[in-house]
Amino acid sequence: MVNFESDYIAGAHPKLMQRLLETNLEPGAGYGDDRWSRSAERKILDACGCPDGSVFFLSGGTQVNVVAISALLRPWEGVVTAETGHIHVHEAGGLEAIGCKLLLLPERDGKLTAAAVRELTETVLADENREHVVWPGVVYVTNPTEWGSLYTRRELEDIAAVCRQYGLRLYLDGARLAYGLASRAADLDLKTIAALCDAFYIGGTKCGALCGEALVFPHGAPTHFANYTKKRLAMLAKGRVFGVQFDALFTDGLYWEIGRHGIEAAERLKEILRRHGLPTFRETPTNQQFVVLENEALARLREQVAVSYWSRADETHTVVRLATSWSTTEADLETLDRALGG
């Protein structure tokens, strides 16, 4: 049985596990003030080209989204997101649970457009009853998106320009950022993202870490953000668990190596799917691939290969997702090929 359900099916990249073992008995300060976390922060800020920024390590994507976005919002504001945005479809109402309203916009290939953000903002400004509505405050994007698509540099620049014009904050969810940066279609890099966004996070959980995400504020964090993470139950006493891992990820290009491996495996996966004539639900340049399977064929496939349910196509067909990662092997791909009748 092989598993293509997601990109965090394995524990952690061996180099990270080795560093955790090597540092296990070394004493260190708590709450992220240890030497490994500080070293990781310096390496991340250097990679992002924002030496005056701030980095905070949190446990997972939903947690960092809720904590970061709510800290960026003013009490009368909401979060602008594509209707397919992760915070809307796959976080079980995490932001709504703490009183944040999501302002949904139509998606285009899983993405927001600058024109749609501008139209929403101008509609609120032109509303004579605007004192009674939720104002847009934070614009939420993901790269890669929930559907595996990528923002181009121009698209992100255009959204950032609208945000600057109207005083909105731009936040980027980078749960799978390693694979987005490594894609053959990518024209964004960390320094560009840092220059355009008010905050973003570099995914660890789905990109080789046992757990943990690195939240980056390129221009410095909101006042008392550390206190805010504590209040939101997001401050880990043994913050070193994140620091050691991110210090390893940003040593000798490991984060980029992980991304490249996942993308190379995805390209091989796409070849296999094409050879078997499986209809693609959405074409993607990243590590998530979406195909349509007849339900009986899906049941047979699941006897040997784990895949993720995504949506119902019709009465007899299902959309499924297959994801590659740092841990995908050639043997995994060969097993999939055979299971599909190769």
Side-chain angles (χ1 to χ4, degrees), residues 44-45 47-56 61 64-65 67-74 77-88 95 100 102-125 134-147 149-178 180-181 183 185-203 213-222 225 285-286:
I44 289 170
L45 293 177
C48 295
C50 50
D52 297 324
S54 304
V55 178
F56 294 84
V64 73
N65 284 337
V67 174
I69 292 172
S70 61
L72 291 169
L73 286 172
R74 301 181 182 100
E77 294 175 334
V79 192
V80 181
T81 176
E83 59 195 357
T84 52
H86 190 78
I87 57 173
H88 176 52
L95 277 161
C100 297
L102 303 186
L103 305 173
L104 304 181
L105 290 177
E107 54 92 16
R108 182 181 297 175
D109 194 24
K111 298 181 283 187
L112 285 178
T113 65
V117 176
R118 181 186 299 279
E119 182 180 1
L120 171 66
T121 307
E122 290 185 344
T123 297
V124 171
L125 290 173
V134 175
W135 286 52
V138 169
V139 174
Y140 168 90
V141 298
T142 58
N143 200 63
T145 70
E146 197 76 352
W147 283 102
S149 55
L150 292 173
Y151 282 89
T152 66
R153 179 174 183 147
R154 178 61 183 272
E155 287 171 336
L156 197 62
E157 286 175 341
D158 289 347
I159 292 173
V162 173
C163 290
R164 301 294 177 264
Q165 180 179 355
Y166 294 103
L168 312 180
R169 279 75 67 205
L170 180 56
Y171 173 80
L172 185 143
D173 179 329
R176 295 184 167 92
L177 192 54
L181 296 174
S183 169
D187 67 349
L188 279 173
D189 56 28
L190 275 180
K191 290 183 179 179
T192 302
I193 290 170
L196 296 175
C197 295
D198 295 283
F200 65 97
Y201 81 87
I202 299 170
E213 327 295 335
L215 172 61
V216 181
F217 292 100
H219 314 294
F225 186 74
T286 55

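- Sparse packing is recorded around CZ of Arg108, with 12 or fewer heavy atoms of other residues, nucleotides or ligands lying under 6.0 Å away.
- Between Arg74 and Glu77, at least one side-chain N (NZ, or NE/NH1/NH2) sits under 4.0 Å from a carboxylate O, which counts as a salt bridge.
- Here the OG1 atom belonging to Thr81 is positioned 8.0 Å from the CG atom belonging to Leu105, to the nearest 0.5 angstrom.
- Across Gly180 and Leu150, no two heavy atoms sit closer than the pair CA-CD2, 3.7 Å.
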How far apart are the C-alpha atoms of Phe56 and Tyr201, what are their side-chain angles, what is the distance that settles it, and do they pass the ring-ring contact (aromatic ring centres under 6.0 Å, His included) test? CA-CA 9 Å; Phe56 294 84; Tyr201 81 87; over 10 Å; no
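- Panel note: side chain Arg169, backbone Val138; no donor-acceptor pair is recorded below 3.5 Å.
- Partners of Tyr151 under the ring-ring contact (aromatic ring centres under 6.0 Å, His included) rule, at least two apart in sequence or in another chain, do not exist in this structure.
- Each of Val80, Val117, Val79, Leu125 was compared with Pro136 under the side chain to side chain contact (heavy atoms under 4.5 Å, CB included) criterion, and only Val80 meets it.
- Scanning both residues, Gly110 and Trp147, for their nearest heavy atoms gives CA-CD1, 4.4 Å.
- Atom NE2 of His88 is separated from atom CD of Glu83 by 7.5 Å, given to the nearest 0.5 angstrom.
- Between Pro218 and Cys50, the closest heavy-atom pair is O-CB, 3.6 Å.
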Applying side chain to side chain contact (heavy atoms under 4.5 Å, CB included) to Leu95 and Leu102, what does each step give before you reach the verdict? CA-CA 8 Å; Leu95 277 161; Leu102 303 186; 4.1 Å; yes
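- For Asn65, the side chain to side chain donor-acceptor pair (under 3.5 Å) criterion is met by Glu91, Tyr171, Asp173, not counting sequence neighbours.
- Thr145 contributes no side-chain N or O that, together with a main-chain N or O of Thr142, makes up a donor-acceptor pair within less than 3.5 Å.
- Interatomic distance, His219 NE2 to Ser54 OG, rounded to the nearest 0.5 Å: 11.0 Å.
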Show your working on side chain to side chain contact (heavy atoms under 4.5 Å, CB included) between Leu196 and Ile159 and close with a plain yes or no. CA-CA 9 Å; Leu196 296 175; Ile159 292 173; over 6 Å; no
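- Arg176 and Glu146 are not joined by a salt bridge, as no carboxylate oxygen comes within less than 4.0 angstrom of a charged side-chain nitrogen.
- Ala199 approaches Leu72 most closely through the heavy-atom pair CB-CD1, 4.0 Å.
- Rounding to the nearest 0.5 Å gives a distance of 10.5 Å between CG of Leu188 and OG of Ser183.
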With side chain to side chain contact (heavy atoms under 4.5 Å, CB included) as the test, would you mind laying out the steps for Phe200 and Leu215 before giving the verdict? CA-CA 6 Å; Phe200 65 97; Leu215 172 61; over 6 Å; no
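- Nearest heavy-atom pair, Ala47 versus Leu190, reported as atom, atom and distance to 0.1 Å: O-CB, 3.9 Å.
- In this structure, Glu107 does not pair ionically with Lys111, as no charged nitrogen and carboxylate oxygen lie closer than 4.0 Å.
- The neighbour count for Glu119 CD, taken as heavy atoms of other residues, nucleotides or ligands under 6.0 Å away, does not exceed 12.
- Under a 3.5 Å cut-off, the side chain of Ser149 and the backbone N or O of Asp109 do form a donor-acceptor pair.
- Atom OG1 of Thr113 is separated from atom CD of Glu155 by 9.0 Å, given to the nearest 0.5 angstrom.
- A 4.5 Å side-chain heavy-atom check between Tyr166 and Val139 finds every atom pair outside the cut-off.
- The minimum heavy-atom distance linking Leu45 with Pro51 is given by the pair CD1-O, 4.1 Å.
- Remark: Ile202 CD1 to Leu181 CG distance equals 8.5 Å, nearest 0.5 Å.
- Taking 4.0 Å as the cut-off between side-chain N and carboxylate O, Asp158 and Arg153 do not count as a salt-bridged pair.
- The side-chain heavy atoms of Cys100 and Ile69, taken from C-beta on, include no pair separated by under 4.5 Å.
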I'd like to know whether Leu170 forms a side chain to side chain contact (heavy atoms under 4.5 Å, CB included) with Leu156, so could you lay out the CA-CA distance, the side-chain angles of the two residues, the decisive distance to 0.1 Å, and finally the verdict. CA-CA 10 Å; Leu170 180 56; Leu156 197 62; 4.2 Å; yes
